Enquirer: 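The structure is given below, and queries will be raised subsequently.
Just so it is clear, the model here is predicted, and its values are computed rather than measured. What you see below is based on every heavy atom in this structure, not just the backbone, and it leaves out hydrogens, waters and symmetry mates.
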Amino acid sequence: MPISHVIDHAGQRMETIAEGPVTWADLVAHWEAEVNEGGHPYPELIDGSRASIEFTPQDVRNLVERLRVAANEGPLGPTAVIIRTEFGFGMLRMLGILVEPFCEIMPFRDRVSAEAWLATVRKKL
């Protein structure tokens with residue numbers, strides 16, 4: 001699977017790595033694992049710097065709906081995504097805009113900026 005993660009329940013944080021082509025099925029599998037393992041309320045850093053986006057704008061809308069339903073059941077942690085391709089950055093920015101009413105997802109080009117944003121957002125929690 002191109003997406004793997006580690007949940008630190010004591011530190012209330014998730015670290016995720018995405019490599020290679022990431023499909024809609026990969027996104028769904030990751031989300032389901034995150035929920036099943038209880039990591040979805042925690043801040044998450046996704047390092048997708050070695051990943052390519054293989055899902056569609058319709059898949060993004062489907063993900064928005066899944067996140068909307070989950071947010072109705074409880075809070076979702078903020079997510080910083082490191083992505084280097086223009087297409088990937090654009091898709092994740094679109095996702096971030098669509099989920100703004102109920103959760104925070106923000107794309108970044110580098111880890112330092114992503115970590116800084118997560119630290120700022122975490123202080124608000």
Side-chain angles (χ1 to χ4, degrees):
M1 184 166 136
I3 303 175
S4 61
H5 66 270
V6 174
I7 300 173
D8 175 3
H9 289 288
Q12 297 187 327
R13 182 176 162 117
M14 280 190 64
E15 292 268 343
T16 300
I17 297 175
E19 297 180 304
V22 176
T23 66
W24 168 245
D26 298 323
L27 290 176
V28 170
H30 171 67
W31 173 247
E32 289 175 354
E34 188 174 332
V35 170
N36 289 337
E37 295 171 35
H40 60 291
Y42 302 152
E44 179 178 16
L45 176 67
I46 300 175
D47 183 347
S49 59
R50 294 182 305 238
S52 62
I53 303 291
E54 301 294 326
F55 48 87
T56 67
Q58 182 59 50
D59 294 332
V60 169
R61 288 187 285 281
N62 292 338
L63 182 58
V64 168
E65 190 53 35
R66 283 177 185 255
L67 294 174
R68 182 185 327 278
V69 168
N72 286 332
E73 296 172 8
L76 303 177
T79 302
V81 184
I82 304 164
I83 191 78
R84 299 235 164 91
T85 67
E86 290 299 321
F87 178 73
F89 193 93
M91 290 284 276
L92 287 163
R93 186 64 193 119
M94 178 178 67
L95 174 60
I97 291 167
L98 293 171
V99 300
E100 276 179 359
F102 48 88
C103 70
E104 295 181 89
I105 299 174
M106 186 70 68
F108 294 91
R109 303 266 186 213
D110 61 87
R111 186 176 189 97
V112 171
S113 300
E115 291 275 11
W117 178 78
L118 274 179
T120 303
V121 173
R122 245 187 120 136
K123 288 179 183 176
K124 296 179 196 174
L125 300 178

Enquirer: Please, which pairs that meet side chain to side chain donor-acceptor pair (under 3.5 Å) have at least one residue in residues 86-98, sequence neighbours excluded?
Expert: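 Passing the test, one end in residues 86-98: E86-R109.
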
Enquirer: Decide whether L27 and I17 are clustered together by the hydrophobic rule: side chain heavy atoms of Ile, Leu, Val, Met, Phe, Trp, Tyr closer than 4.5 Å, transitively.
Expert: no

Enquirer: Apart from V112 itself, what residues make up its hydrophobic cluster when side-chain heavy atoms of I, L, V, M, F, W and Y under 4.5 Å apart count as a link, directly or indirectly?
Expert: none

Enquirer: Which pairs count as side chain to side chain donor-acceptor pair (under 3.5 Å) when at least one residue sits in residues 38-47, sequence neighbours excluded?
Expert: H9-Y42, T16-E44, H30-E44, D47-S49

Enquirer: Got a sec, which pairs hit ring pair (Phe, Tyr, Trp, His ring centres under 6.0 Å) with one end in residues 86-120, sequence neighbours left out?
Expert: F108-W117

Enquirer: With heavy-atom distances below 4.5 Å as the criterion, would you say the side chains of Q58 and N62 are in contact?
Expert: yes

Enquirer: Mind checking side-chain contact (heavy atoms from CB on, under 4.5 Å) for P75 and listing every partner two or more places apart, or none if nothing turns up?
Expert: none

Enquirer: For residues 67-76, pull every pair meeting salt bridge (charged side-chain N to carboxylate O under 4.0 Å, His left out), keeping only residues two or more places apart or in separate chains.
Expert: E65-R68

Enquirer: Applying side-chain hydrogen bond (donor to acceptor under 3.5 Å, both in side chains), can you list everything that pairs with R84, at least two apart in sequence or on another chain?
Expert: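 Here no residue qualifies.
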
Enquirer: Apart from V69 itself, what residues make up its hydrophobic cluster, given side-chain heavy atom links below 4.5 Å?
Expert: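 Grouped by the 4.5 Å side-chain rule, V69 forms a cluster of one, so the answer is none.
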
Enquirer: Under the rule for side-chain hydrogen bond (donor to acceptor under 3.5 Å, both in side chains), what residues qualify as partners of T23, not counting sequence neighbours?
Expert: D26

Enquirer: Quick one: side-chain hydrogen bond (donor to acceptor under 3.5 Å, both in side chains) partners of E115, sequence neighbours excluded?
Expert: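 R13, R111.
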
Enquirer: Is the shortest side-chain heavy-atom distance between W24 and T56 below 4.5 Å?
Expert: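 Contact flag for W24/T56 side chains = no.
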
Enquirer: Applying side-chain hydrogen bond (donor to acceptor under 3.5 Å, both in side chains), can you list everything that pairs with D8, at least two apart in sequence or on another chain?
Expert: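 Applying side-chain hydrogen bond (donor to acceptor under 3.5 Å, both in side chains) to D8 gives none.
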
